[in-house]
Amino acid sequence: MKFSDLKLTTPYLQNEAIFYDVLDPRPLDNPFLISVSQDAAKLLGVDEDLLDDEKLLGIVNGSLKMEGSSPFAMCYAGHQFGHFVPRLGDGRVLNLGKVNGVNLQLKGSGITLYSRGGDGRAVLRSSIREYLMSEAMHGLGIKTSRALALIGSDTDVSRQTIEKGAIVLRLASTWIRFGSFEFFNAAREPKLLQDLADYALAESFPHLVGQEDSYLKMFAEIVKSTAKTIAYWMSVGFNHGVMNTDNMSIDGSTIDYGPFAFLDDYEAYYICNHTDTAGRYSFVSQKGIGYWNLEKLARALSPILNHEASMLVLENVYYEAYDDAYLKRMRARLGLFTEDPRDMILTNQLLSSMENSSIDFNLFFRRLSSYDGNKSLILDIAVSRAPLERWLDFYDARLLKEEASQEKRHSQMLGVNPKYILKNHILQLAIDKANENDFSMVNDLLKVALSPFEEHEDLEYLCINTPQDAKNIKLSCSS
Ligand code: AMP
Ligand code: MG
């Protein structure tokens, strides 16, 4: 199947007109293709080479329409940094339609009814980041929206400086956000709220349709998948940066990549978002913010779902689901096949030792994946050896309870502890090159993003250590 031969449907448009704004994209000037993800295209059932598809560029630029497509922006609300905004919506995104259970979106395709004074554009810098990160999170086994293609252009876009406009073609099984429900609750439209809930059930939870207490069951699944995704973020050192309720997908996928970061040296209170002065979305806050956001969702659903019942589900399910997922993941990262009741303590001790030792989070785990009792290999990359050295003694003692051979442990660990992590300094190098019209690094990063655990001998330059002055930097929200 060829991408441009796909036939889309637009079931969302069967909802009332207040749900969306139907309009055409505004194409960029002199567009050119920068990168495609053939892996993401598989989700759509596309097996022909995207690069051979002469219509792809026009479709991503919005100058060509796919069969069945009727572009629309979605309306939603959201809590931004704790404050409720009753109307947000896709201000620079257009949904093209759906195929194979996947919704296609253009990000950066011009203003919509919901642009609120914004220009509807996305700059090349932030588009490269979102494009690569979507694929990298998938490569790491974390639920995420995907990215099929990235295009650049000559269109000027004004931010702190003049930059160039770009568009990412994003894919997700749903684009309904916690904030979508908040919109209809705040608008005091219980019938439309129910329509949205029914749409969400059919789209993301079809196994619950027609069941008793289907909204409560749907909420429980949202709680569970949100907890699991955030636990995975924490296990891999990912800081989302803008966990507003409008950036929370109801299927637990990571969406809306802005000033995100992977930790360099482990730092619990790291804040990647420059505008987040209070640290609301700091690395260690993410678990609590996930809960806070789900409380807002429960509140938004209250006209159609008993609030006490949903809060009970939230309390009973969230922390347990989080801890289960987190511990499972951390045991895998530590090469522990058995379960010991003290493993959470061992993990927490590791994090404080790492912080005191100043060591790169993911590089530590990669080195630990070939640990044979020789501590130097690991301690040599720490600024201060003593805290981590003590922890390795605890680890040695814990390994004595394991029956698996060292060889088996190492090979398992190498499959879960990535060699390649798209840290901000490396993304920035790719962006610097792209600004000089060299997109080779974007395409190299895509390769390692999709297989981060494998060795790529010709791409070793992509796993260089972060320079001291680029470690755990903060990023601007402007995108
Ligand atoms: P974000 O923080 O990127 O998730 O965006 C928050 C809200 O602002 C969403 O409703 C976006 O659609 C909107 N937005 C962000 N940037 C722009 C832009 N350049 N033009 C129009 N709307 C925007
Ligand atoms: Mg957003």
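Whatever order the structure lists them in is the order used to number ligands and atoms, beginning at 1.
Counting only distance, with no hydrogens or angles, the side chain of Y131 and the backbone of V36 share a donor-acceptor pair below 3.5 Å. With hydrogens and angles disregarded, a donor-acceptor distance shorter than 3.5 Å links the side chain of N103 to the backbone of S173. Within the 3.5 Å criterion, the main-chain N or O of L28 finds no donor-acceptor partner in the side chain of T155. Checked by atom type and distance alone, the side chain of Y420 never pairs as donor or acceptor with a backbone atom of A136 at under 3.5 Å. Judged by distance alone, with hydrogens and angles left aside, the side-chain atoms of D276 form a donor-acceptor pair with the main-chain N or O of R280 at under 3.5 Å.
Counting heavy atoms under 4.0 Å from ligand 1, residue R159 touches it through the side chain alone. For Y76, every heavy-atom contact with ligand 1 shorter than 4.0 Å involves the side chain, none the backbone. Residue contacts with ligand 1 for D256 involve side-chain atoms from C-beta outward but no N, CA, C or O (heavy atoms, distance under 4.0 Å). In R121, the part holding a heavy atom less than 4.0 Å from any atom of ligand 1 is the backbone.
When distances to the Mg ion (ligand 2) are checked against a cut-off of 2.8 Å, N244 contributes no N, O or S atom below that limit. Inclusion of D246 in the first shell of the Mg ion (ligand 2) is not supported: no N, O or S atom falls under 2.8 Å.
Checked against the Mg ion (ligand 2), the N, O or S atom of D256 at the shortest distance is OD2.
Because its NZ or CZ atom is both nearer than 6.0 Å to the ring centre of F260 and within 45° of the ring axis, R129 counts as a cation-pi partner of that residue.
Ion pairing of E130 with R170 is present here, as a side-chain N (NZ or NE/NH1/NH2) and a carboxylate O approach within less than 4.0 Å.
Taking every non-hydrogen atom of G118 and a distance limit under 4.0 Å, the qualifying atoms of ligand 1 come out as 20 (N), 21 (C). Residue-ligand proximity, Q80 to ligand 1, at heavy-atom distances under 4.0 Å covers atoms 6 (C). Using a 4.0 Å cut-off to heavy atoms of G120, the atoms of ligand 1 that qualify are 18 (C), 19 (N), 20 (N), 21 (C).
Proximity of the aromatic rings of F361 and Y270 is defined here by a centroid distance below 6.0 angstrom, and this criterion is not met. Checked against a 6.0 Å centroid threshold, the rings of F184 and F19 count as neighbours. Two rings, from Y232 and F238, have their centers 6.0 Å or more apart.
Between W233 atom CH2 and M137 atom CE the span is 6.5 Å, to the nearest 0.5 Å.
Comparing heavy-atom distances from atom 10 (O) of ligand 1 across G91, G89, G78 singles out G89 as nearest. When the heavy-atom distances from atom 1 (P) of ligand 1 to N273, V242, N247 are ranked, the shortest goes to N247.
For atom 19 (N) of ligand 1, the closest non-hydrogen atom on the protein side is D119 OD1, 2.9 Å. Protein heavy atom closest to atom 8 (O) of ligand 1, with residue, atom name and distance, is R116 NH2, 2.9 Å. Considering only non-hydrogen protein atoms, atom 15 (C) of ligand 1 sits nearest to R92 NE, 3.5 Å.
Ligand 1 is never approached by M74 to a heavy-atom distance shorter than 4.0 Å.
For atom 5 (O) of ligand 1, the protein comes within 4.0 Å by no heavy atom at all.
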